[in-house]
Amino acid sequence: MSDFLREVIEGLEANDKYLLSKYFYNSEGDRLFQQIMQLDEYYLSRAEAEILKEQSPQICAHLPKQGFRLAELGAGDGTKTRYLLEAALDAKKEFSYHPIDISSNALEIISTNLNHWLPELEFEPMADEYFSALSRLAQMDDKALCVLFLGSNIGNFRRDNVDVFMSHLHQSLKPRDHLLLGIDLKKDPNKILAAYNDSMGITAAFNFNILRRINDELGGQFDLSKFRHYNNYDPHSGESRSYLLSLETQDIYIEKAGRSFHFDRHEAIHTETSRKYSPRDLQQLAEKHGFKIEQRFSDSQNFYEDQLWIR
Ligand code: AVI
């Protein structure tokens, strides 16, 4: 049984139904996410691009002059990281860049871009799990490491997984190594609600993509018109949550599961959490996991921060 099938069955059998947001991302999901990043309502990407575009020289000033490695977890296409890499090259830093991603397809895209944009950059893509790649880097030599984890990706982790991730990261780094963490901040709830329910319906389409995948890959019989996208935001926990709501009572057959799943009218499938943090939440998270916040970099509207942490 594939992981996808097993996790879909587990999620749809649960009392509070859920599907894991990692399954949004096939080629259609990637395409929709690219569109989301261009939306007026989705301020996150613009805010982080502004920080990196305008403050990369200041970020780089905190990094060693020579002999360090910049390792990026889940690198994307490199558009935003490019600013940081350019600033490091301009500052004549001696470093190598290691985009890490499980998808070699993603790494091919970033490699093509980097060869084109920054032919002088020394880089080595690593098609691997994050922590396995970091431990390979640590075994190579004792060069200082700066890990980039941008895009507010940490917001999509389940709460317990944040702690597991942070303690793994702490173990993977040496004293004085850095982490540059991109995080969306708690803010006016209406701003957040709009970011996850845009007027063009792209976020809704992105959410529905998970049902489309179940239909295409697992022989599911979801009729998408019998569900609707719903999102909410809890300003205390900072959790923006997306759901698919069943518009009627229905039983849906999934061929590869060999069975049907029952949905009551208004029953919800939780599909994604995008957690927002306050500066105090981040201070507590850093302390809990043995990091110190060296510097905070925010955009002009204070929507978003890239925080430089030191181990
Ligand atoms: C990838 N991740 C940080 C996005 C977010 O904001 O949680 C995914 C996303 N979901 C809906 N819109 C964007």
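In listed order, ligands and their atoms are each counted from 1.
For atom 4 (C) of ligand 1, the closest heavy atom belonging to the protein is Y42 OH, 3.3 Å. The protein non-hydrogen atom at the shortest distance from atom 7 (O) of ligand 1 is S274 OG, 2.6 Å. Of all protein heavy atoms, the one lying nearest to atom 12 (N) of ligand 1 is Y196 CE2, 3.6 Å. The protein heavy-atom contact nearest to atom 11 (C) of ligand 1 is E272 OE1, 3.3 Å. When hydrogens are left out, the protein atom nearest atom 2 (N) of ligand 1 is N156 OD1, 2.8 Å; that is the closest non-hydrogen contact.
Distances below 4.0 Å separate heavy atoms of N153 from the following atoms of ligand 1: 1 (C), 3 (C). Annotation for ligand 1: atoms under 4.0 Å from non-hydrogen atoms of Y25 are 1 (C), 8 (C). Under a 4.0 Å criterion applied to the non-hydrogen atoms of S152, ligand 1 contributes the atoms 3 (C). With ligand atoms numbered from 1 in the order given, ligand 1 contributes 3 (C) to contacts under 4.0 Å with heavy atoms of G151.
Taken to the nearest 0.5 Å, the CG atom of N215 stands 8.5 Å off from the CD1 atom of I252.
Side-chain contact between H98 and R69: present, with at least one pair of heavy atoms (C-beta onward) separated by less than 4.5 Å. You'll find the side chain of L244 reaches within 4.5 Å of the side chain of L211, heavy atoms only.
Counting heavy atoms of neighbouring residues, nucleotides and ligands inside a 6.0 Å radius, atom CZ of R136 exceeds 12 of them.
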Check your understanding: Can you check salt bridge (Lys or Arg N to Asp or Glu O under 4.0 Å) on E7 and K22, steps first, answer last?
Key -> CA-CA 11 Å; E7 291 180 321; K22 65 180 175 183; 3.2 Å; yes
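Counting heavy atoms under 4.0 Å from ligand 1, residue F24 does not touch it at all.
Separation of the F227 and F263 ring centroids falls under the 6.0 Å cut-off. Ring centers of Y25 and F206: under 6.0 Å apart, within the cut-off.
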